[in-house]
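Working notes, structure below.
Chain letters run A, B, ... following the sequence lines, proteins first, then strands; residues in each count from 1.
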Number of protein chains: 2
Amino acid sequence: MAAPNSGRYARRTATLRDVAALAGVSVATASKALNGRDQVHPETRERVIEAAIKISFRPNPMAQSLIGGRTGTVGLLTNDLVGRFSLPILMGAEDAFGAGRLSVFLSDARGDAIREQHHVQAFLDRRVDGFIVVGSDTDPRPSLGHDLPVPVVYAYGPSEDPTDSSIVPDNVSAGELAAEHMLATGRRRIALVSGDRTFLAARDRTEGVVAALAAAGTELVAPVMYGSWSEGWGRTATRALLERVPEVDGIICASDQIARGSLDALRELGVPVPERVGVLGFDNWEAVVADSRPPLTSIDMNFEALGRLAAQRLVAAMSGERFSGVEKRPVRLVARASTARV
Amino acid sequence: MAAPNSGRYARRTATLRDVAALAGVSVATASKALNGRDQVHPETRERVIEAAIKISFRPNPMAQSLIGGRTGTVGLLTNDLVGRFSLPILMGAEDAFGAGRLSVFLSDARGDAIREQHHVQAFLDRRVDGFIVVGSDTDPRPSLGHDLPVPVVYAYGPSEDPTDSSIVPDNVSAGELAAEHMLATGRRRIALVSGDRTFLAARDRTEGVVAALAAAGTELVAPVMYGSWSEGWGRTATRALLERVPEVDGIICASDQIARGSLDALRELGVPVPERVGVLGFDNWEAVVADSRPPLTSIDMNFEALGRLAAQRLVAAMSGERFSGVEKRPVRLVARASTARV
DNA sequence: CTGAAAGCGCTTACAG
DNA sequence: CTGAAAGCGCTTACAG
């Protein structure tokens with residue numbers, strides 16, 4: 001077995017010393033010239049820059065951070081193996097960090113607290129300047145505590161500790177949006193097929209739906225139906241609902257998958273959507289929403305923006321600003337045929 | 001605005017010098033003691049280790065890599081924004097690297113070549129010891145070339161250059177598996193509803209299906225139907241198929257989404273699955289497969305294993321081993337009710 | 001405006 | 001077995 005970095009890959013990367021030699025100046029001057037310090041003769045600077053370009057010099061960030069104290073790296077700690085929710089958050093964050101010339105370390109704790117602790121330590125060992133913890137649901141989670149040497153932002157799954165900084169989608173207002181849209185498209189006998197009630201997201205969305213209906217002087221046409229986040233539940237619940245409350249004219253489903261099940265059941269019962277019943281989902285999951293019949297109106301949780309904001313908050317915290325509390329971010333309704341006004 | 005790392009986060013991390021001082025030895029001896037060098041008196045070593053634990057010393061990797069030449073970091077460059085395929089690959093790789101104490105930098109090029117070039121440079125600037133490029137489909141892509149100072153492994157989307165190292169799922173054998181399973185469950189009049197024919201994956205799967213049928217002395221009951229990777233296409237194609245070839249008893253669909261569409265169409269036509277027609281998909285996408293009626297038999301592309309292998313290949317390459325060529329990895333069939341023998 | 005020196009936190013020959 | 005010295009690649013006071 002060949003030695004590390006041998007063979008095909010052998011080639012010493014240029015160092016500042018090489019640049020200085022080529023430009024005929026000291027290493028100190030080369031450094032100043034490249035870093036835009038102003039005590040450098042313009043001609044000298046030009047010569048140094050030319051030399052640097054010529055030999056493709058790129059400063060070694062290890063050396064730089066040894067001096068500066070900062071590494072220019074951040075960590076992204078996810079917990080959602082499937083990535084349904086966390087991926088767009090990661091992408092938004094990665095995007096925002098990249099623009100700020102920060103490099104991103106990725107770790108997946110897979111919802112395991114021990115593994116999470118281990119990855120946090122790995123981040124700290126790497127001397128990240130800060131990190132984001134992405135939860136797998138919106139239920140509050142234990143804080144990592146305050147004896148960390150760098151700032152942390154919790155995204156999607158907020159910290160239980162209100163003095164931490166957390167960014168989550170506003171599920172109550174998501175519920176309100178859903179109900180208001182049903183009302184605005186002319187429906188009055190509205191039902192709610194929710195998901196697993198042990199999830200805060202389910203309860204928050206219910207709260208929003210109920211509040212918006214109350215504000216309009218009305219209420220749900222049937223008690224909230226809790227179940228699971230699946231198509232199967234959407235089908236079952238919808239059949240039961242139409243049996244008990246045949247006059248229902250709007251079904252708010254707490255996830256796109258539940259809504260898919262609901263649409264299937266309605267089609268099989270011969271109930272026209274959106275003509276007799278409007279259907280709406282949450283998450284605006286492209287793969288589920290796009291090909292449904294009819295195309296499904298859905299609440300988009302703006303995950304990518306959430307990730308971008310978490311990144312911005314972290315960057316601000318890294319330069320000394322302090323944030324705390326759970327920041328709830330707006331969501332948006334994407335109207336499609338399943339709730340068209342008739 | 002406060003100064004960097006000030007305020008709440010102020011706390012100097014312990015350095016080796018602190019450990020040495022506490023243990024009453026030189027920095028050199030402390031280093032040797034902690035790194036298991038054998039020219040250290042056992043008692044001294046113990047004292048140093050105790051001191052290190054006491055003040056929570058963690059070596060600064062910047063300093064270490066400045067000396068060693070290696071950074072202990074690798075890059076993961078993805079191109080698939082939605083993450084449908086690349087996420088499990090990332091996770092597999094992250095998993096394998098983590099076990100080897102390598103930290104992973106993540107970047108998303110979003111399928112843009114310019115952005116990709118930029119991220120490659122960013123990885124090199126960070127002095128990664130190697131990186132993996134994850135494609136968004138299995139079509140060969142331009143090589144990043146050979147004048148890179150570190151090894152690269154291409155995962156999912158192989159490099160056009162056969163002297164690069166690429167790891168892809170074996171789509172031909174995936175097609176074979178599908179056809180063999182249809183035959184094994186007693187079906188003989190088999191059709192293939194494929195996806196977008198501009199994708200190599202679509203053509204490879206066709207090749208496998210056709211070959212396996214030929215090997216069994218039979219052939220497709222109708223010409224391959226190419227279209228798009230959508231449920232809508234699955235519905236349309238299935239309706240057309242049953243019109244033209246009512247005796248069809250097995251439909252191989254080139255993706256789970258196409259298969260979902262096919263199942264929907266069959267249900268609406270009153271054709272019982274799996275009794276009269278068996279249906280099979282590709283990708284084994286949990287969200288699509290789990291709740292379908294009946295549950296869908298599917299070919300799992302083993303993405304996570306693919307990512308893990310790519311990581312292993314990269315690690316080996318980083319220690320001097322040389323790989324080249326496109327390595328095709330086995331896939332596996334997950335049998336469910338949609339192809340049950342009747 | 002330029003450069004020699006010190007130092008960031010480590011490791012590794014090399015003396016003792 | 002232990003430690004002083006040199007050095008990895010940079011930056012930043014400090015003299016000149």
Side-chain angles (χ1 to χ4, degrees), chain A residues 3-5 11-49 51-52 55-73 124-129 149, chain B residues 3-5 11-49 51-52 55-73 124-129 149:
Chain A
N5 260 329
R11 186 180 336 139
R12 205 174 57 78
T13 6
T15 116
L16 188 57
R17 176 203 297 255
D18 302 325
V19 175
L22 185 57
V25 297
S26 71
V27 170
T29 299
S31 172
K32 287 171 209 152
L34 293 176
N35 290 307
R37 296 276 167 283
D38 52 2
Q39 333 88 309
V40 179
H41 192 95
E43 264 177 30
T44 310
R45 186 190 306 281
E46 201 166 332
R47 222 168 350 115
V48 171
I49 291 178
I55 61 178
S56 304
F57 168 75
R58 319 282 322 194
N60 186 323
M62 310 298 143
Q64 290 180 313
S65 56
L66 211 46
I67 296 166
R70 293 190 158 211
T71 58
T73 62
L124 297 178
D125 286 352
R126 281 280 169 202
R127 306 298 197 263
V128 297
D129 296 329
Chain B
N5 260 330
R11 186 182 336 140
R12 206 174 57 78
T13 7
T15 121
L16 188 58
R17 175 202 296 255
D18 301 326
V19 175
L22 185 57
V25 297
S26 73
V27 170
T29 299
S31 172
K32 287 171 208 152
L34 293 177
N35 290 307
R37 298 275 167 284
D38 53 1
Q39 333 88 308
V40 179
H41 191 94
E43 263 177 31
T44 310
R45 187 191 306 281
E46 199 166 333
R47 224 168 348 117
V48 172
I49 292 179
I55 62 178
S56 304
F57 168 74
R58 320 283 320 196
N60 186 324
M62 310 296 143
Q64 291 180 312
S65 55
L66 209 48
I67 296 166
R70 294 190 156 210
T71 58
T73 62
L124 298 178
D125 287 352
R126 281 282 169 199
R127 306 298 197 264
V128 297
D129 296 329

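- In this structure a side-chain-to-backbone donor-acceptor pair under 3.5 Å is missing from A/Asn35 to A/Arg37.
- Remark: D/dA4 base-pairs with no nucleotide in the shown strands. Criterion, Watson-Crick or G-U wobble with two distances under 3.5 Å.
- Remark: the backbone N or O of A/Asp125 is paired with a side-chain donor or acceptor of A/Arg127 at under 3.5 angstrom.
- In this structure, the side chain of B/Ser26 engages the main chain of B/Thr29 through a donor-acceptor pair within 3.5 Å.
- When heavy atoms are screened at a 4.0 angstrom cut-off, B/Gln64 is found touching the sugar-phosphate backbone but no base atom.
- Residues of residues 40-48 of chain A having a heavy atom closer than 4.0 Å to DNA chain D: none are found.
- Nucleic acid contact class of A/Thr29 (heavy atoms, under 4.0 Å, all strands): base.
- Remark: the backbone N or O of A/Arg126 is not paired with any side-chain donor or acceptor of B/Arg58 at under 3.5 angstrom.
- Look at the P atom in both D/dA4 and C/dG7: the space between them is 16 Å, to the nearest Å.
- Checking D/dA13 for Watson-Crick or G-U wobble geometry (two distances, each under 3.5 Å) identifies no partner in any strand.
- Environment of CD in A/Glu43: sparse, with no more than 12 heavy atoms of neighbouring residues, nucleotides or ligands closer than 6.0 Å.
- In terms of modelled atom types and a separation under 3.5 Å, the side chain of B/Asp129 and the main chain of B/Arg70 share no donor-acceptor contact.
- Judged purely by atom type and a 3.5 angstrom limit, A/Asp18 has no side-chain atom pairing as donor or acceptor with the backbone of A/Ala14.
- Taking the nucleotide of DNA chain D with the nearest heavy atom to each of B/Ile67 and B/Gln39, the more 5' of the two is matched to B/Gln39.
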*Full working for side-chain contact (heavy atoms from CB on, under 4.5 Å) between B/Leu34 and B/Phe57*: CA-CA 10 Å; B/Leu34 293 177; B/Phe57 168 74; 3.7 Å; yes
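- Each of B/Leu66 and B/Asp38 lies near DNA chain D, and the nucleotide nearest B/Asp38 is the one positioned closer to the 5' end.
- Among the heavy atoms of the strands lying under 4.0 Å from A/Val25 are primed sugar atoms or P, OP1, OP2 only; no base atom is included.
- With hydrogens and angles disregarded, no donor-acceptor distance shorter than 3.5 Å links the side chain of B/Thr71 to the backbone of B/Ser65.
- Chain A approaches DNA chain C over the interval C/dC1 to C/dG9, counting the first and last nucleotide 5' to 3' with an atom under 4.0 Å from its heavy atoms.
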